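This report refers to the structure that appears directly beneath it.
Predicted model only: the values in this text are computed from it and were never measured.
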Amino acid sequence: MAKHQQGPHAQPTSAHKGQRWWRVMCLTGVDYFSTLGYQPGIAALAAGLLSPVATIVLVIVTLAGALPVYRRVAEESPHGAGSIAMLERLLSFWQGKLFVLALLGFAATDFLITITLSAADAATHLVENPHFTSLLQGKEMIITLVLVALLGAVFLKGFLEAIGVAVALVGLYLSLNVVVVAVGLWHVMTAAHVVTDWSSALTTQHGNIFVMIGVSLVIFPKLALGMSGFETGVAVMPHVEGDPSDTEEKPAGRIRGTKKLLTTAAVIMSVFLIATSFITTLLIPEKDFQSGGPANGRALAYLAHEYLGSAFGSVYDFSTVAILWFAGASAMAGLLNLMPRYLPRYGMAPHWARAVRPMVLVFTLIAFLVTWIFNASVDAQGGAYATGVLVLMSSAAIAVTIACHKAGQRHGTVAFAVISAVFLYTTVVNVIERPDGVKIGACFIAGIVLVSLMSRLARAFELRVTSVTLDDMAERFVRDIAHRKIRFIANEPDSRDVAEYRDKVQQIRADNDLPAEEDFIFVEVTVLDPSEFESGLSVRGEVMCGRYRVLTLESSSIPNALAALLLYVRDMTGQRPHMYFEWTEGNPFANFLRFFLFGQGEVAPVTREVLREAEPDRARRPRVHVG
């Protein structure tokens with residue numbers, strides 16, 4: 001029988017162990033901060049001269065919308081499951097599982113495309129460096145695959161190494177950006193006509209500030225990638241160091257550290273976004289932002305080469321390549337923390353899916369496939385990336401709104417409902433403009449659902465009970481009957497009166513030709529949520545009608561519960577117990593589907609099959625009798 005596995009809420013643990021919040025911020029920041037490599041160029045293409053104003057709108061939504069949402073997610077879901085866990089609590093049965101699988105599909109889209117898109121963008125920056133263009137031109141695919149393989153190798157070596165690399169890269173990259181921004185602002189201030197020319201052209205195009213804000217709101221969805229990184233921020237929460245007094249139920253220190261992480265990252269990024277959009281719009285000619293132009297997708301690198309020379313520009317290019325490559329690290333960390341929390345628990349992935357190294361290999365291979373399908377193109381993957389980010393942000397905002405409503409927090413409910421509306425609007429606009437993102441997300445969802453159902457089918461006869469606990473009465477029943485031969489009768493509870501139990505005993509004796517003096521204990525299983533896969537089993541003993549001993553169980557599957565009870569009783573007493581069934585009427589295939597979907601069906605043969613897989617030794621296997 002499966003050994004008991006300690007759940008996340010079993011007892012106080014060393015939950016305070018982990019990394020300082022600022023170090024984990026660097027891991028999530030390689031995704032968030034690396035968007036500086038392309039965000040100013042995206043803003044310039046989408047908004048033109050209005051880019052700084054549109055970026056300010058993006059920053060307001062970030063600080064007043066995304067940040068409060070994910071600070072609340074950190075409180076409500078402090079174990080790294082993110083907003084998906086909050087929404088999972090609202091639904092049960094199969095609709096809940098399918099809903100979670102759909103969200104996991106968008107999460108996989110977000111995280112995996114982060115890995116492949118960032119590596120592809122890093123390859124583009126490397127190829128476009130003036131010193132390497134002639135040597136590496138046309139080799140973007142090979143470079144991208146090498147970068148993805150190197151990322152996987154870092155995680156195969158260990159997670160602490162990934163955090164150490166992230167701290168070094170973020171420190172270097174942000175320092176270089178401070179230099180580029182400072183030099184850019186200096187050139188703007190020393191060339192006074194630049195600002196006046198820009199403001200005059202802006203007023204000529206849009207008239208007044210209210211029109212500018214209105215246009216910025218319309219343009220805003222195109223800039224939404226500047227908010228990426230929040231979901232990974234809460235996904236890696238278990239790695240944030242907490243207080244010595246933290247427990248898994250109340251990790252106050254971990255929550256506080258994660259809030260610092262989210263807030264600090266958002267503030268740093270907001271300052272950089274405003275500053276970089278301002279200097280790139282004023283200092284780079286508009287034509288250079290267009291496809292094929294020297295500033296396309298690399299506006300800050302353009303300024304680094306233009307104003308600080310080729311040597312500094314090359315250093316900046318290499319730091320950008322490095323952080324874009326390692327941006328996939330936060331996504332890989334999110335995948336490694338998120339997927340094993342759901343799929344194995346749903347029975348929709350093998351047990352080895354809980355291990356880090358096999359999952360790193362799986363995700364790396366999938367990233368290879370995605371890179372090959374999209375030919376290492378940044379533009380081709382942009383729609384899927386934006387869709388994944390926005391769907392997760394919208395679901396997080398909705399989950400937080402519901403949490404506030406349930407907590408009776410009226411003002412919070414209204415505020416988060418408004419934020420949810422903003423994110424939903426942004427998501428819908430993005431989907432309309434770039435429907436390829438939804439199509440790619442749907443492919444991920446379909447793949448996850450298909451693989452999950454196949455895994456669940458393959459594990460259908462697996463013993464899923466993690467622990468068995470008998471109350472005092474149930475233990476007394478078992479120990480008493482162990483002095484004779486242990487015989488159980490599987491009974492589907494109906495009226496539970498004298499006639500039901502008397503007739504059942506007579507039928508079992510007649511079907512199996514047992515003498516009248518044989519003693520029996522009834523076993524009755526109530527199916528709770530058949531979509532659950534693994535759970536503990538609590539057994540209660542009670543005396544019905546003053547004479548019939550009954551063990552009552554609650555489980556997601558009748559055959560698995562019965563098999564687990566038989567194996568537990570065998571180990572407890574040292575005897576091979578016997579269990580008696582009657583055949584179920586109906587088509588065998590239909591009965592199997594009933595078992596697969598609803599935990600019932602043809603109980604007797606399935607119970608025997610579960611026992612056969614759990615105990616290969618026939619001499620020790622509990623006996624199953626069907627009449």
Side-chain angles (χ1 to χ4, degrees), residues 35-64 124-125 128 177-227 269-309 313 316 320 378-379 382 386 422 425-426 429-430 432-434:
T35 58
L36 288 172
Y38 49 83
Q39 182 68 18
I42 292 175
L45 283 175
L49 295 175
L50 201 58
S51 173
V53 180
T55 301
I56 290 173
V57 172
L58 172 68
V59 166
I60 291 172
V61 174
T62 298
L63 297 179
T124 301
H125 274 74
E128 290 181 357
N177 272 287
V178 168
V179 175
V180 173
V181 169
V183 170
L185 290 174
W186 171 256
H187 280 276
V188 169
M189 289 187 293
T190 54
H193 67 91
V194 174
V195 177
T196 55
D197 291 348
W198 169 69
S199 60
S200 298
L202 198 59
T203 304
T204 301
Q205 281 188 11
H206 301 288
N208 58 60
I209 187 64
F210 298 105
V211 176
M212 296 177 193
I213 293 174
V215 174
S216 297
L217 290 173
V218 174
I219 294 171
F220 163 71
K222 297 181 179 179
L223 278 62
L225 282 182
M227 294 189 294
M269 190 62 176
S270 296
V271 172
F272 272 113
L273 283 174
I274 294 173
T276 55
S277 68
F278 183 68
I279 62 174
T280 54
T281 302
L282 270 63
L283 296 177
I284 300 177
E286 191 172 349
K287 62 181 178 62
D288 288 346
F289 287 110
Q290 302 302 317
S291 179
N296 180 249
R298 56 192 308 272
L300 293 177
Y302 174 96
L303 292 180
H305 281 275
E306 184 73 17
Y307 294 111
L308 291 164
Y316 185 86
T320 305
V378 176
D379 293 335
V422 171
Y425 155 75
T426 307
V429 171
N430 181 78
I432 292 173
E433 291 187 353
R434 309 180 75 173

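- Residues passing the side-chain contact (heavy atoms from CB on, under 4.5 Å) test with Leu45, sequence neighbours excluded: Phe289, Gln290, Asn296.
- For Val180 against Ile279, the heavy-atom pair with the smallest separation is O-CD1, 4.1 Å.
- Between Gln205 and Leu49 there is a side-chain heavy-atom pair separated by less than 4.5 Å.
- The distance from the OG atom of Ser270 to the CG atom of Leu58 is 7.5 Å, given to the nearest 0.5 Å.
- Across every non-hydrogen atom of Pro52 and Thr281, the tightest pair is CD-OG1, 3.7 Å.
- Within the structure, salt bridge (charged side-chain N to carboxylate O under 4.0 Å, His left out) contacts touching residues 283-292 (residues at least two apart or in different chains) do not occur.
- Ring planes of His187 and Tyr307: tilted class, angle from 30 to 60°.
- Taking 4.5 Å as the limit, some side-chain heavy atom of Leu273 sits within range of a side-chain heavy atom of Leu36.
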### Derivation and outcome, side-chain contact (heavy atoms from CB on, under 4.5 Å), residues Phe278 and Leu185
CA-CA 9 Å; Phe278 183 68; Leu185 290 174; 4.1 Å; yes
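- Between the side chain of Ser199 and the backbone N or O of Thr196 there is at least one donor-acceptor pair closer than 3.5 Å.
- Across Ala295 and Ile284, no two heavy atoms sit closer than the pair CB-CG2, 3.8 Å.
- The residue from Leu282, Leu50, Thr55 that alone fulfils the side-chain contact (heavy atoms from CB on, under 4.5 Å) condition with Ser277 is Thr55.
- For the atom pair Thr276 OG1 and Leu303 CG, the distance stands at 9.5 Å (nearest 0.5 Å).
- The minimum heavy-atom distance between Asn430 and Ala386, with the atom names listed, is OD1-CB, 3.6 Å.
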| task | Decide yes or no on side-chain contact (heavy atoms from CB on, under 4.5 Å) for Met269 and Thr35, but give the supporting numbers first. | result | CA-CA 9 Å; Met269 190 62 176; Thr35 58; 2.7 Å; yes
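- You'll find the side chain of Ser51 stays beyond 4.5 Å of the side chain of Thr280, heavy atoms only.
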Arg298 vs Thr320, test: side-chain contact (heavy atoms from CB on, under 4.5 Å). Steps then yes/no.
CA-CA 9 Å; Arg298 56 192 308 272; Thr320 305; over 6 Å; no
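- Considering every non-hydrogen atom in both Leu217 and Tyr425, the closest pair reads O-OH, 3.4 Å.
- With contacts defined as side-chain heavy-atom distances shorter than 4.5 Å, the pair Glu306/Leu283 does not qualify.
- The two residues Ala299 and Pro40 come nearest to each other via the heavy atoms CB-CB, 4.2 Å.
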